[in-house]
Amino acid sequence: MSALANHAFAKMNGIGNEIVVVDLRDSAVQGRAQVSAAEARAVASPAGGVPYDQLMVLQPPRLDGTEAFISIYNNDGSEAGACGNGMRCVVRRIFEKTGQTSATFQTRAGLLNCWQGPAPDLYTVDMGAPKFGWQDIPLAEEFRDTRYIELQVGPIDNPVLHSPSVVSMGNPHAIFWVDDVNAYDLERFGPLLEHHPIFPERANITLAHIVDRDHITIRTWERGAGLTKACGSAACATAVAAARLKRANRSVEITLPGGKLGIEWRERDDHVLMTGTADFEYEGRFDPALFASVA
Ligand SMILES: N[C@@H](CCC[C@H](N)C(=O)O)C(=O)O
């Protein structure tokens with residue numbers, strides 16, 4: 001039987017990024033806390049009735065000093081190494097239950113330190129250090145300078161979008177610099193770019209407008225989830241890419257369709273800190289019938 005059958009979940013959102021949190025650390029499911037791609041898709045399906053951008057599954061800790069190992073699923077069933085907005089939701093859920101104000105979690109991409117603050121309704125996630133090497137992102141071919149890579153959409157002599165910066169925040173991001181993030185049909189270009197052969201593991205695609213050295217506006221087409229109101233790791237990737245191009249300061253406010261995030265690319269250790277809110281919507285329990293026919 002699926003580990004999700006009859007299990008409780010919390011529907012939350014991180015500035016509009018739709019998140020479902022499931023805690024499979026309880027003893028009843030020890031040893032079978034895995035969720036398959038088909039089960040993750042079933043939850044988000046119309047029959048599942050719990051649409052989400054990301055499903056955050058807490059599994060028993062694999063390292064001393066961590067609260068949980070977190071598996072992150074996109075709604076197409078694929079797994080991701082990072083989800084900034086999802087992490088803030090997990091952190092709020094756990095902190096409200098335990099009274100903790102800081103904790104460390106493990107994901108496929110590494111360890112994440114998280115804490116409440118700098119105000120009571122804000123949560124900060126240390127998203128770790130960005131990676132810029134073409135093999136780390138990864139790209140399908142060598143680019144020595146990933147501040148801009150050769151990639152375009154549209155006619156060769158008059159491209160609609162071109163020369164993105166690429167960054168890994170534990171997941172792959174391409175950032176196209178534009179004057180108006182709403183002037184492009186991201187629903188059309190997003191899937192083409194997400195699946196472009198230059199990205200062997202696909203990529204999250206962001207349009208970014210640098211308003212001034214302290215403010216950037218973005219819209220993101222998420223790998224495995226499509227258009228979202230917010231993507232925390234994209235906000236981090238954009239802030240870092242803009243600072244790397246010397247077009248913004250290392251501490252910026254990012255405006256996304258669903259709200260704002262504070263991003264600081266810390267000088268002393270190269271880590272990226274993401275700060276924002278996390279909202280609780282409702283709790284529920286997964287109907288076992290949903291998983292009867294999926295592996
Ligand atoms: N919404 C997320 C990013 C989720 C993962 C992404 N779609 C991927 O596959 O890399 C965030 O807030 O960071």
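Treat the numbers as computed from the prediction; the structure is a model and nothing was measured. Order of listing sets the numbers, starting from 1, for every ligand and every atom in it.
In this structure, F9 and V50 have side chains that are in contact, with non-hydrogen atoms separated by less than 4.5 Å.
At a 4.0 Å heavy-atom cut-off, ligand 1 does not touch A225 at all. The proximity of Q54 to ligand 1, defined as any non-hydrogen pair under 4.0 Å, is limited to the side chain.
At the top of the distance list for atom 2 (C) of ligand 1, counting protein heavy atoms only, stands C83 SG, 3.3 Å. Of the protein's heavy atoms, N204 OD1, 3.3 Å lies nearest to atom 6 (C) of ligand 1. With respect to atom 5 (C) of ligand 1, the closest heavy atom belonging to the protein is A82 O, 3.4 Å.
Counting the atoms of ligand 1 from 1 in the order shown, those under 4.0 Å from a heavy atom of A80 are 5 (C), 8 (C), 9 (O), 10 (O). Per-residue contacts place N74 under 4.0 angstrom from the following atoms of ligand 1 (heavy atoms of the residue considered): 5 (C), 6 (C), 7 (N), 8 (C), 9 (O). The N85 neighbourhood of ligand 1 comprises atoms 11 (C), 12 (O), with distances under 4.0 Å to a heavy atom of that residue. Listed by atom number, the atoms of ligand 1 under 4.0 Å from S233 heavy atoms are 3 (C), 11 (C), 12 (O), 13 (O). Heavy-atom proximity to N171, at under 4.0 Å, picks out these atoms of ligand 1: 5 (C), 6 (C), 8 (C), 10 (O). Set against the non-hydrogen atoms of G84, the atoms of ligand 1 under 4.0 Å away are 11 (C), 12 (O), 13 (O).
To the nearest 0.5 angstrom, Y184 atom OH is 6.5 Å from D179 atom CG. Taken from CD in E142 to CD1 in I149, the straight-line distance is 13.0 Å, to the nearest 0.5 Å.
Annotation: cation-pi geometry satisfied between R244 and F132 (NZ/CZ under 6.0 angstrom from ring centroid, within 45° of ring axis). Figure legend: R62 and F69 shown as a cation-pi pair, the cationic atom lying under 6.0 angstrom from the six-membered ring centre and within 45 degrees of its axis.
In this structure, G224 does not count as a contact residue of ligand 1, since none of its heavy atoms falls inside 4.0 Å of the ligand.
Residue contacts with ligand 1: G232 is placed with a nitrogen or oxygen under 3.5 Å of a nitrogen or oxygen of the ligand (distance criterion only).
Salt-bridge check for E283 with K11: failed, with every basic side-chain N at 4.0 Å or more from each acidic carboxylate O. Using a cut-off of 4.0 Å between Lys/Arg side-chain N and Asp/Glu carboxylate O, E39 and R41 are scored as not salt-bridged. Salt bridge present: R202 and D76 bring a charged side-chain N and a carboxylate O closer than 4.0 Å.
Between F286 and F291, the ring-plane angle classifies as perpendicular under the 30° and 60° cut-offs.
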